[in-house]
Each structure stands twice: as structure tokens, then as C-alpha cells.
Amino acid sequence: TLPSLGNANVGNHSQLYIGCRAVYADYFFKGAIDDLRFYNRALSDSEVQQLYAYESVPSCAPPPPGLVACWPGEGNANDIAGTNNGTLSGGVTFTNGEAGEAFNFDGVTGYVEVASNSNLNPAASFSIEGWIYPRQDRLQSIMSKWADTPDQLNQRSYGFNTCPNEALQFAISDWAH
């Protein structure tokens, strides 16, 4: 198990957090996160390549279908693809990103909180895409949505983290007992 930093519970665990771990509000991200996207299906290899080209050259084709949310970090936490607008909290500012501006997290208190929405609880495969620039090589959360209590049945729980030695970690759970 991962140690808790002793921070207070952030409330409704079914909310989505960008830049910190849900449930305990810890593992704060230090660095930039840009153009974070959530798709309600698995993307193919060619679609991932298309997304890379799309981000690198703005004149390329639009993103593939299934886009549920997109938080570009352009001076706010608005979802430009849907209704999953976020709220900035703590040490979040903005910096130059891969595509325009990006969220700039301080690694201490900064995160974006997105209210629970059924479209962020996919029943099957899903994809997360974005540009990250970690400024520390440690365990830190890029995106997290974790429902871990019986009163939150049928919630898809997931966490996407950086780890020491420049590794990435993805955890997923279906509360189906």
C-alpha cells in the first residue's frame, strides 16, 4: 500500500482530480500538464499517432471520436469538449505548454477538481491522452478518480501517475462486489 501524507480527505471520492490523488489529496504533481483528454473508448495505434500529429501541427485532422472531456489549461480549468469543467485549487498557475498554455502545478497544494459525472465512469475501455512535464522524478498523480467505498457502487476507479525512474503507472478498479 502507498503511504498517506496525512492530508484530509477531499470529500466525494467519485470526483476526478488532475494533479493530485483522489481520496487523500496527496501525491501532488509538480510540473506542467497540457491538453489532457479523456475518451470513452480505447484508441487505436493509428489514432494515437494521429493525435501526436494533431498536437504537433495544428492544421492536422481533429481528434478521433469518443472525446468526452478536454482540459487544455488555457488560463482556466474549463472542459472544451463537454460539461466537465474543473475548479482550480491551491498552487495552480499557467505556463507555456505544448499547445498554447498548460496547467502549472506547484507539487504542494495545487490541483484541479472535476465534479462527478457518469461520462467519466466508462463501462468498458477508455483512453487518457495529454502532454506532461514532470519537474520531479517521484510518485505523483497526473489524474485520479477513485471510489473506494460501498456507497459508491458502479464507479470506475482509476489513477494515472508518474513514478521514480521516469516510469508511468496506471491503476484501475471496478467496484463490483
Side-chain angles (χ1 to χ4, degrees), residues 2-39 43 48 51-58 60 62-63 67-117 119-120 126-146 157-171:
L2 300 173
S4 169
L5 297 178
N7 295 24
N9 187 306
V10 295
N12 182 351
H13 302 173
S14 62
Q15 294 167 323
L16 182 138
Y17 293 88
I18 301 168
C20 82
R21 183 174 69 150
V23 181
Y24 298 107
D26 58 5
Y27 303 126
F28 290 97
F29 188 84
K30 183 175 178 91
I33 298 176
D34 192 16
D35 207 22
L36 191 60
R37 298 175 185 203
F38 187 93
Y39 292 84
L43 298 178
V48 171
L51 282 168
Y52 179 77
Y54 174 74
E55 294 294 335
S56 301
V57 182
C60 290
L67 182 64
V68 170
C70 177
W71 300 277
E74 298 295 325
N76 59 50
N78 292 345
D79 171 12
I80 62 169
T83 60
N84 296 297
N85 292 334
T87 302
L88 302 172
S89 184
V92 182
T93 58
F94 300 92
T95 188
N96 292 332
E98 186 66 26
E101 289 187 306
F103 295 108
N104 188 36
F105 295 95
D106 68 357
V108 180
T109 63
Y111 62 92
V112 174
E113 181 178 338
V114 179
S116 182
N117 189 330
N119 66 6
L120 297 173
F126 62 98
S127 299
I128 298 169
E129 178 259 330
W131 292 93
I132 63 167
Y133 182 72
R135 291 191 179 93
Q136 286 187 334
D137 185 27
R138 62 180 172 92
L139 179 59
Q140 51 189 350
S141 180
I142 300 165
M143 173 191 274
S144 175
K145 184 177 189 307
W146 206 264
S157 298
Y158 46 89
F160 187 35
N161 308 306
T162 66
C163 296
N165 300 313
E166 300 179 355
L168 293 174
Q169 173 190 58
F170 186 76

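Heavy-atom basis, side chains included; hydrogens, waters and symmetry copies ignored.
Scanning for side chain to side chain donor-acceptor pair (under 3.5 Å) contacts around Thr109 gives Asp106, with sequence neighbours left out. Residues meeting the side chain to side chain donor-acceptor pair (under 3.5 Å) test with Ser127, sequence neighbours left out: none. Partners of Thr87 according to the side chain to side chain donor-acceptor pair (under 3.5 Å) rule, which considers only residues two or more places apart in sequence or in another chain, do not exist here. Listed by chain and number, the residues in a side-chain contact (heavy atoms from CB on, under 4.5 Å) with Phe160 are Ile128, Ile142, Leu168, Phe170 (sequence neighbours excluded). Taking Ala81 as the reference, Leu67, Cys70, Asp79 meet the side-chain contact (heavy atoms from CB on, under 4.5 Å) condition, with sequence neighbours excluded. Residues satisfying the ring pair (Phe, Tyr, Trp, His ring centres under 6.0 Å) criterion with Phe38, sequence neighbours excluded, are Phe126, Tyr158.
Residues Ala69 and Leu120 come closest through the heavy atom pair CB-CD2, 4.4 Å. Across every non-hydrogen atom of Ala102 and Gly97, the tightest pair is CB-CA, 3.7 Å. Nearest heavy atom pair, residue Gly110 against residue Phe105, reads O-CD2, 3.6 Å. Taking each heavy atom of Gln140 and Pro134 in turn, the nearest pair found is NE2-CB, 3.4 Å. The minimum heavy-atom distance between Tyr17 and Glu113, with the atom names listed, is CE2-CG, 3.6 Å. The shortest non-hydrogen separation linking Glu74 to Glu101 is OE2-N, 3.0 Å.
A donor-acceptor pair under 3.5 Å is absent between the side-chain atoms of Asn165 and the main chain of Ala167, judged by distance alone. Without hydrogens or angle criteria, Asn161 side chain to Leu139 main chain gives no donor-acceptor distance under 3.5 Å. The main-chain N or O of Arg138 is found under 3.5 Å from a side-chain atom of Thr162 such that the two form a donor-acceptor pair.
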Report task. Using the side chain to side chain contact (heavy atoms under 4.5 Å, CB included) rule, take Trp71 and Val114 through it: C-alpha gap first, then chi angles, then the decisive distance, then the call. Result -> CA-CA 10 Å; Trp71 300 277; Val114 179; 3.9 Å; yes

Report task. Walk me through it: do Phe103 and Leu88 pass the test side chain to side chain contact (heavy atoms under 4.5 Å, CB included)? Result -> CA-CA 10 Å; Phe103 295 108; Leu88 302 172; 4.0 Å; yes

Query raised in the report: Passes side chain to side chain contact (heavy atoms under 4.5 Å, CB included), Leu16 versus Asn84? Steps please.
Result: CA-CA 9 Å; Leu16 182 138; Asn84 296 297; over 6 Å; no

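Put simply, CG on Asp34 and CG on Asn104 are 11.0 Å apart, with the number rounded to the nearest 0.5 Å. For the atom pair Ile132 CD1 and Asp35 CG, the distance stands at 13.5 Å (nearest 0.5 Å).
The shortest distance between side-chain heavy atoms of Phe29 and Ser141 does not fall below 4.5 Å. For the pair Val48 and Glu129, the minimum side-chain heavy-atom distance is 4.5 Å or more. Annotation: side chain of Cys163 is in contact with side chain of Gln169 (closest heavy-atom distance under 4.5 Å). Side-chain contact between Arg37 and Leu51 is present, with at least one heavy-atom pair separated by less than 4.5 Å.
Annotation for Tyr133: atom OH does not count as buried by contact number, only 12 or fewer foreign heavy atoms lying within 6.0 Å.
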